[in-house]
Protein chains: 2
Amino acid sequence: MNIVRHQPRPSAKRESVLDAAQACFLELGYAATSMDLVAARAGVSKATIYAHFASKEDLFAAVIHRRCGGLWAAECWPLECGARATLIAAGTRMVDLMTAPDTLAMYRVVVAEAARQPDLARVFWEAGPGQGKARLTAVFEELVQRGELIAPDPWAAADQFAGMLRAEIFHRTLLGLPNPEGRSAESTIVAAVETMLKAYGRN
Amino acid sequence: MNIVRHQPRPSAKRESVLDAAQACFLELGYAATSMDLVAARAGVSKATIYAHFASKEDLFAAVIHRRCGGLWAAECWPLECGARATLIAAGTRMVDLMTAPDTLAMYRVVVAEAARQPDLARVFWEAGPGQGKARLTAVFEELVQRGELIAPDPWAAADQFAGMLRAEIFHRTLLGLPNPEGRSAESTIVAAVETMLKAYGRN
DNA sequence: GTCTATATTTCGATAGAC
DNA sequence: GTCTATCGAAATATAGAC
């Protein structure tokens, strides 16, 4: 329950434990992951885990923190020539990140545990979706400044764009369901860009 | 694991068990809910539960089925005078349903268990979000037929509208986080409607 | 720090009486 | 169908040697 990190100084066994725990939590969820399994997969004893982490909850928090730290930080967001190309590129990047298996797994496990560990939900949001939203907002601000879009509220425009990208296909993927007949992520991106251009384009 | 409902004929104790189980599952999640707790809250013995449901998984499936069955079926979707009023009304209805505490709790628990019980995810989608999407698509089809909107693909338009309604505020609520500064669901709805009108309006 | 071995609890599921 | 009582497995966490 204690959120304060002890000593994040790296240790070989400690990293093994974190790697194994991350794999288990993302694959099985929080509750279905046992400390025995983590110990086995990390190749250490259970007592070693408890030497580094006070409890299962503490281990989970450490995994989320490590995985979220700089999750999308190193991403470079391309500013192509023209609003359409820029939005296509940014939208594709966004969808790729959102639908990456690890991202979806993280989303599932955090959503499931959010009610019981609210701090983790905040950390996850600020490191993950929040970062994406911030970068997207920056893209819109740049396009407005360039005069390629007219949007008095770039945050709201980015919010709408992100929402359209994250519509039915994303939610079905999150639930493990197949895409609706004849619909693809690519067509969703293109349609979203066209709608944004009609709503916020210069003419 | 068996999906076939035995005899859904109502029984007082059976309903008590379902009520208690629903409350526990939505509040605590699947894994954190114990059969002992359900029995205690329902005022029956654990053996009684197993007389009606083969396993914990079976009980969970029964809860999801019952809660989803006709969840949004009785909803009447208003077709106001004019596209703007119609979309505002439909969007408000949609957001109210999506952000109802029970809906969010259901969403959380189904997302968490989707990987291990894929059938439930499908049932949930078809009874919940899928219904909403279908009704929204019908609204767009009607507006197109009336000539108030020009949308060659009403499904895609409804998808975009639903996505914009379900943007940052919804996801933050799902994670138990507060709304971003100075943003409200109402302003999100209004902005989404304006964007749709600009993109698909007649002029 | 790291291990083996174990304490203790809790949970899902069942036996058997009524 | 419903109860009391309990089994056996699995989980978290710890003790104690090295």
Side-chain angles (χ1 to χ4, degrees), chain A residues 1-64 109 112-113 116-117 120, chain B residues 1-64 109 112-113 116-117 120:
Chain A
M1 185 57 91
N2 194 1
I3 302 302
V4 180
R5 298 271 65 74
H6 309 286
Q7 311 97 311
R9 66 156 176 274
S11 144
K13 299 250 176 185
R14 188 190 159 92
E15 290 304 308
S16 301
V17 170
L18 282 171
D19 290 341
Q22 173 174 320
C24 293
F25 284 134
L26 293 192
E27 185 182 336
L28 305 170
Y30 177 79
T33 294
S34 74
M35 299 297 259
D36 286 279
L37 180 61
V38 174
R41 201 182 289 202
V44 304
S45 77
K46 211 164 36 163
T48 297
I49 300 181
Y50 282 97
H52 287 278
F53 306 96
S55 66
K56 181 180 176 183
E57 224 174 60
D58 194 53
L59 175 59
F60 182 64
V63 167
I64 301 294
V109 68
E113 289 305 307
R116 281 167 290 283
Q117 303 190 51
L120 290 186
Chain B
M1 190 55 92
N2 192 1
I3 302 303
V4 181
R5 300 271 64 72
H6 309 287
Q7 311 97 313
R9 66 156 175 274
S11 144
K13 300 249 177 187
R14 188 189 159 92
E15 290 303 308
S16 300
V17 169
L18 282 172
D19 290 340
Q22 174 173 318
C24 293
F25 283 135
L26 293 193
E27 184 183 336
L28 306 171
Y30 177 80
T33 295
S34 73
M35 299 297 259
D36 286 278
L37 180 61
V38 173
R41 201 183 288 203
V44 304
S45 77
K46 208 162 41 164
T48 298
I49 300 181
Y50 282 99
H52 288 277
F53 306 96
S55 66
K56 182 181 175 181
E57 225 175 61
D58 193 55
L59 174 61
F60 182 64
V63 167
I64 301 294
V109 68
E113 288 305 306
R116 281 167 291 284
Q117 304 189 51
L120 290 186

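Reckoned from all heavy atoms, side chains included, excluding hydrogens, waters and symmetry mates. Nothing here was measured: the structure is a model prediction, and the numbers come from that model. So you know, we letter chains A, B, ... as the sequences are listed, proteins then strands, and number each from 1.
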>> Any non-hydrogen side-chain atom of Asp19(B) less than 4.5 Å from a side-chain atom of Ser16(B)?
In response: no
> Between dC11(C) atom C1' and Tyr30(B) atom OH, what is the distance in whole Å?
Replying inline: 12 Å
> CG of Leu59(B) versus P of dA13(C): gap in Å, rounded?
Replying inline: 10 Å
>> Between P on dT8(C) and OH on Tyr50(A), what's the gap in Å once rounded to a whole number?
In response: 16 Å
>> Nearest to the Ser34(B) side chain among dT2(C), dC11(C), dA13(D), which nucleotide is it?
In response: dC11(C)
> Atom CG of Leu28(B) to atom C1' of dT10(C): distance rounded to whole Å?
Replying inline: 15 Å
> Rounded to the nearest Å, what distance is computed from the CD atom of residue Glu57(A) to the P atom of nucleotide dA11(D)?
Replying inline: 18 Å
> Is there side-chain contact between Leu120(A) and Phe60(A), with heavy atoms separated by less than 4.5 Å?
Replying inline: yes
>> Treating Arg14(A) as the side-chain partner and Phe53(A) as the backbone partner, does any N or O pair qualify as donor plus acceptor under 3.5 Å?
In response: no
Identify each donor-acceptor pair in which a side-chain atom of residues 35-47 of chain A lies under 3.5 Å from a protein atom, sequence neighbours left out, and give them as a table.
| residue | atom | partner | partner atom | Å |
| --- | --- | --- | --- | --- |
| Asp36(A) | OD1 | Lys46(A) | NZ | 3.4 |
| Asp36(A) | OD2 | Lys46(A) | NZ | 3.4 |
| Ser45(A) | OG | Ala47(A) | N | 3.4 |
| Ser45(A) | OG | Thr48(A) | N | 3.3 |
| Ser45(A) | OG | Thr48(A) | OG1 | 3.2 |

>> Against the six-membered ring of Tyr30(B), is Lys56(B) placed for a cation-pi contact (under 6.0 Å from the centre, within 45° of the normal)?
In response: yes
> In Å and rounded to the nearest 0.5 Å, what is the NZ to NE2 distance from Lys13(B) to His52(B)?
Replying inline: 8.5 Å
>> Let me test you: for the helix from dG1(C)-dC18(D) to dC18(C)-dG1(D), what is the angle between the axes at its two ends (five pairs each), rounded to 10 degrees?
In response: 10°
>> Measuring from atom CG of Asp58(B) to atom CD1 of Ile49(B), what distance do you get when rounded to the nearest 0.5 angstrom?
In response: 12.0 Å
> Roughly how far, to the nearest 0.5 Å, is the CG atom of Leu28(B) from the CZ atom of Arg116(A)?
Replying inline: 6.5 Å
> Expressed in angstrom and rounded to an integer, what is the separation of Leu37(B) atom CG from dT10(C) atom P?
Replying inline: 13 Å
> Ile49(A) CD1 to dT4(C) C1': how many Å, rounded?
Replying inline: 15 Å
>> Within this structure, what is the CZ-CG distance for the pair Phe25(A) and Leu59(A), rounded to the nearest 0.5 Å?
In response: 4.5 Å
>> Between C1' on dT14(C) and CZ on Phe53(B), what's the gap in Å once rounded to a whole number?
In response: 18 Å
So which protein nitrogen or oxygen atoms get under 3.5 Å of nucleotides 4-9 of chain D's nitrogens or oxygens?
none

> If you find the nucleotide of DNA chain D closest to Lys56(A) and the one closest to Lys13(B), which residue's nucleotide is nearer the 5' end?
Replying inline: Lys13(B)
